[in-house]
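Working notes, structure below.
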Amino acid sequence: MDNGEVIPGLNEDWTFAGAKAMEWGSGVVMMMMTSELAGLSPAKAMPIMLSVLVGTTFGLAALRKMFPDEERGVANLLMTNLGICPPNIPAPAALQPLWSGTPMKELQEKKEFVDLGLLDVFPNNATLLQEEEEEEEYY
């Protein structure tokens with residue numbers, strides 16, 4: 001296809017009812033765990049087990065579809081919530097609340113920024129750490 005024509009569905013995964021095989025597998029595992037934890041015979045707990053199967057499967061599919069990059073977005077969300085920086089991307093804002101457009105080593109070279117005394121107005125991390133260490137020394 002050298003003419004630029006796009007083949008529909010070329011890079012899409014196989015799904016059944018909108019859920020991938022891994023999501024269906026997770027639903028089956030949750031169904032088996034529910035039957036063991038309920039302590040009932042599978043015949044008595046079947047409506048509950050089927051609702052757990054369907055709920056888990058479509059819940060995971062809905063969570064995956066919330067992100068444009070699907071599985072990677074879910075993994076990044078979980079890692080950020082655990083306080084771990086996801087690999088191969090910059091630190092999310094939740095893990096790095098202070099942002100600047102200027103790298104710290106170039107900040108000292110910005111003559112007008114330093115001359116105006118904006119370092120006192122907008123202290124950097126190094127200044128804040130030094131102030132905290134000085135406060136701890138007095139106690």
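- In terms of heavy-atom proximity, Met79 sits nearest to Cys85 at CE-O, 4.0 Å.
- The shortest non-hydrogen separation linking Thr80 to Pro86 is OG1-CG, 3.8 Å.
- Using cut-offs of 30° and 60° on the angle between ring planes, the pair Phe16 and Trp24 is tilted.
- Rounding to the nearest 0.5 angstrom, the gap separating the CG atom in Leu60 from the NZ atom in Lys65 is 11.5 Å.
- Listed here is the closest heavy atom pair of Arg72 and Ile89: NH2-CG2, 4.4 Å.
- A distance-only check finds a donor-acceptor pair linking the side chain of Ser35 to the backbone of Met32 [under 3.5 Å].
- Here the side chain of Glu36 pairs no donor or acceptor atom with the backbone of Met33 at under 3.5 angstrom.
- Considering NZ of Lys20 and CD of Glu70, their distance stands at 4.5 Å, rounded to 0.5 Å.
- The two residues Gly27 and Thr57 come nearest to each other via the heavy atoms CA-OG1, 3.7 Å.
- Under a cut-off of 6.0 angstrom, the local environment of CD1 in Ile84 is crowded, with over 12 non-hydrogen atoms contributed by other residues, nucleotides or ligands.
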Open item on the list: Apply side-chain contact (heavy atoms from CB on, under 4.5 Å) to residues Leu63 and Met66 and explain how you reach the verdict.
Closed with: CA-CA 5 Å; Leu63 179 66; Met66 287 175 50; 4.1 Å; yes
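- If you take CE on Met30 and OG1 on Thr34, they are separated by 5.0 Å, rounding to the nearest 0.5 Å.
- The two atoms that bring Val74 and Arg64 nearest to each other are CG2-CA, 3.8 Å, heavy atoms only.
- Closest approach of Asp69 to Asn76, counting heavy atoms only: OD2-ND2, 4.4 Å.
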